[in-house]
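Below you'll find the structure, written out as structure tokens, and then a few comments.
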Amino acid sequence: MAFRSVFDLEAIKREFENAGISTNFIPLIWKHVLRNPNCELDQVASLPSAAYPLLVSKFKSSTSTLHSVVESIDNVTTKLLVKLQTGSFVEAVIMRYDTRLGKYAGKPRPGGQRATLCISSQVGCKMGCKFCATGSMGFESNLSAGEIVEQLIHASCFSNIRNVVFMGMGEPLNNYASVVQAVQIMTGFPFNLSPRKITISTVGIVHAIKKFHSDLPNVNLAVSLHAPIQEIRCQIMPAARAFPLDKLMETLLVYQKNSQQKIFIEYIMLDGVNDEEWHAHQLGKLLETLQVVVNLIPFNPIGSLSHFRTSNELNVLKYQKILRGFYNIRTTVRKQMGQDISGACGQLVVNSSDKYSSGSSEIAADIEDICS
């Protein structure tokens, strides 16, 4: 019999309620597991006696195991390969930042080290984006809320995680219920992450965006746009055919009106595809009615899985200058972390012999800096 993760909230609530056990004990169990990863659940103190046989027979403190850990050359990026009880694998990436290296309002930032976890929500992905290695895997399965939270548990053994971004393997809004439940767990006791330090990325699942704010207030929304016109989006993101650009923009306007939050726009820079000056003007006009932060992402090579090329630095800077100068849109350029361990944006893929290495990684602006 397959065990459920103790972090699968709906499952453990249902079992406790059926057994007449107060669900108020659940956060106390989580606190013990957070402090003692991979513990046996009969070691949790001060529970009703009826809870122990139920926990031991149906739940585990972790249904996944840490299969391997790879560190980048500069030790600022760590890639975790997590094995699920089904035998499948997902990847998560820890990115460490020193806030003192950045500036805000022209002044040095206070503070020190912090870490962001890039988390997976599915095994593989059905979106099929042609610039993303995960898309080459196809879709295998959704992760449960517990399997998502367990990635945070594993990562917390290496760093004190302050920010979580759902930008790993999978389309988070295609696994909506589990992602919502996982975020609710992460923002509650004992994890206590701030919703404002969690970002969920989507290719633009319109029906899910419509309920995003009511289910996850104050959580950041990032949209993988990658092209300013529908035709180009469909060429590089086949799933975009189901979510026309005009419908997506209408949905984002309503979302922003209701949430009063900035929207993050992710835009991968592909040489000769979407990086010319006219593309920048089209993007500026498309976004000028929204409050957004555009994050330009230099394409990370993924070996023979793709024939795209990285935009040259001059084109990226021109693109940024147009969006800032003509349209007054805050625009950042994502510096790369973890390329040497295939842990950078778009490079997450498991069971692949086509890993690619491209030099060392760099200190990058954290999502928390962009939110400020």
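Remember, it's a predicted structure, so these values are computed and weren't measured experimentally.
Looking only at distances, a side-chain donor or acceptor of Q230 sits under 3.5 Å from a matching main-chain atom of L245. Looking only at distances, no side-chain donor or acceptor of K58 sits under 3.5 Å from a matching main-chain atom of R4. Looking only at distances, a side-chain donor or acceptor of Q261 sits under 3.5 Å from a matching main-chain atom of V219. Distance alone, capped at 3.5 Å, places no donor-acceptor pair between the T63 side chain and the Q85 backbone. A donor-acceptor contact shorter than 3.5 Å links the side chain of Q260 to the backbone of K257. Judged purely by atom type and a 3.5 angstrom limit, E266 has no side-chain atom pairing as donor or acceptor with the backbone of I297. A donor-acceptor pair under 3.5 Å is absent between the side-chain atoms of N175 and the main chain of P172, judged by distance alone. Distance alone, capped at 3.5 Å, places no donor-acceptor pair between the N315 side chain and the D271 backbone.
Here the closest non-hydrogen pair linking S159 and A115 is CB-CB, 3.8 Å. Across C39 and H32, no two heavy atoms sit closer than the pair SG-CD2, 3.5 Å. Contact detail for K262 and Q256: the closest heavy-atom pair is CA-NE2, 3.8 Å. Residues E150 and S64 approach most closely at OE1-OG, 2.6 Å, considering heavy atoms. Heavy atoms only, all atoms of each residue included: N38 and S62 are closest at OD1-CB, 3.5 Å. Nearest heavy-atom pair across F212 and L221 is CE2-CB, 4.1 Å.
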Evaluation steps, side chain to side chain contact (heavy atoms under 4.5 Å, CB included), between V223 and L248: CA-CA 10 Å; V223 178; L248 176 57; 4.2 Å; yes
Verdict with supporting geometry, F7 and I148, side chain to side chain contact (heavy atoms under 4.5 Å, CB included): CA-CA 9 Å; F7 295 100; I148 294 171; over 6 Å; no
Candidate pair V6 and I12, rule side chain to side chain contact (heavy atoms under 4.5 Å, CB included), full reasoning: CA-CA 7 Å; V6 75; I12 191 170; 3.7 Å; yes
Criterion side chain to side chain contact (heavy atoms under 4.5 Å, CB included) on L270 and D275, from CA distance to verdict: CA-CA 6 Å; L270 303 171; D275 67 340; over 6 Å; no
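Taking 4.5 Å as the limit, some side-chain heavy atom of M169 sits within range of a side-chain heavy atom of M137. V82 places a side-chain heavy atom less than 4.5 Å from the side chain of L66. Within the 4.5 Å cutoff, side-chain heavy atoms of C157 are placed close to those of P37. Contact of the I200 side chain with the T202 side chain is not registered, since no non-hydrogen atoms from C-beta on lie closer than 4.5 Å. Residues E171 and Q122 are in side-chain contact: their nearest non-hydrogen atoms beyond the backbone lie under 4.5 Å apart. Side-chain atoms of K210 and V254, non-hydrogen and from C-beta on, never get closer than 4.5 Å to each other. I205 has its side chain within reach of H207: a pair of non-hydrogen atoms, C-beta onward, lies under 4.5 Å apart. Residues R96 and T78 have side chains in contact (heavy-atom distance under 4.5 Å, counting atoms from C-beta outward).
Residue Y267 holds its OH atom at 14.5 Å from OG1 of T332, rounded to the nearest 0.5 Å. Annotation: the span from M186 atom CE to Q151 atom CD amounts to 7.5 Å, rounded to 0.5 Å. Rounding to the nearest 0.5 Å places OG1 of T289 at 4.5 Å from CG of L253. Atom CG of L80 is separated from atom CD of E91 by 9.0 Å, given to the nearest 0.5 angstrom. In this structure, L28 CG and L47 CG are separated by 7.5 Å, a value rounded to the nearest 0.5 Å. For the atom pair NE2 (H279) and CD1 (I232), the distance works out to 3.5 Å, reported to the nearest 0.5 Å.
Cluster membership check: L193 shares its hydrophobic cluster with F166, using side-chain heavy-atom separations under 4.5 Å among Ile, Leu, Val, Met, Phe, Trp and Tyr. Cluster annotation: W278 is connected to L323 through the hydrophobic network of ILVMFWY side chains, with a link wherever side-chain heavy atoms come within less than 4.5 Å. Hydrophobic cluster membership differs between V56 and I29, with clusters built from Ile, Leu, Val, Met, Phe, Trp and Tyr side chains linked at under 4.5 angstrom. Under the 4.5 Å side-chain heavy-atom criterion for ILVMFWY residues, no single connected hydrophobic cluster contains both L84 and F139. Residues I229 and L225 share a hydrophobic cluster, clusters being chains of Ile/Leu/Val/Met/Phe/Trp/Tyr side chains in contact below 4.5 Å.
The aromatic rings of H213 and Y255 lie perpendicular to each other, with more than 60° between the two planes, well past the 30° mark. Between F308 and F299, the ring planes are perpendicular. Angles over 60° get that label, and only those under 30° would be called parallel. In this pair, H226 and F131 present their aromatic rings perpendicular. The plane angle is above 60°, beyond the 30 to 60° band.
Each of N163, V93, I94, V165 was scored for a side-chain contact (heavy atoms from CB on, under 4.5 Å) with L117, with one residue passing: I94. Under the side-chain contact (heavy atoms from CB on, under 4.5 Å) rule, F191 has a single partner from L152, V164, I161, which is L152.
Checking D8 against S144 by side-chain atom types alone, a donor-acceptor pair falls below 3.5 Å.
Environment of CD in Q291: sparse, with no more than 12 heavy atoms of neighbouring residues, nucleotides or ligands closer than 6.0 Å. Applying the 6.0 Å contact sphere to CG of N18 captures more than 12 heavy atoms from other residues, nucleotides or ligands. At most 12 non-hydrogen atoms from other residues, nucleotides or ligands lie less than 6.0 angstrom from CD of E313. Taking a 6.0 Å sphere around CD of E40, one finds it holds 12 or fewer heavy atoms contributed by other residues, nucleotides or ligands. Residue F326 places its CZ atom among 12 or fewer non-hydrogen atoms of other residues, nucleotides or ligands, all under 6.0 Å distant. In D246, the CG atom is crowded: over 12 heavy atoms of neighbouring residues, nucleotides or ligands sit closer than 6.0 Å.
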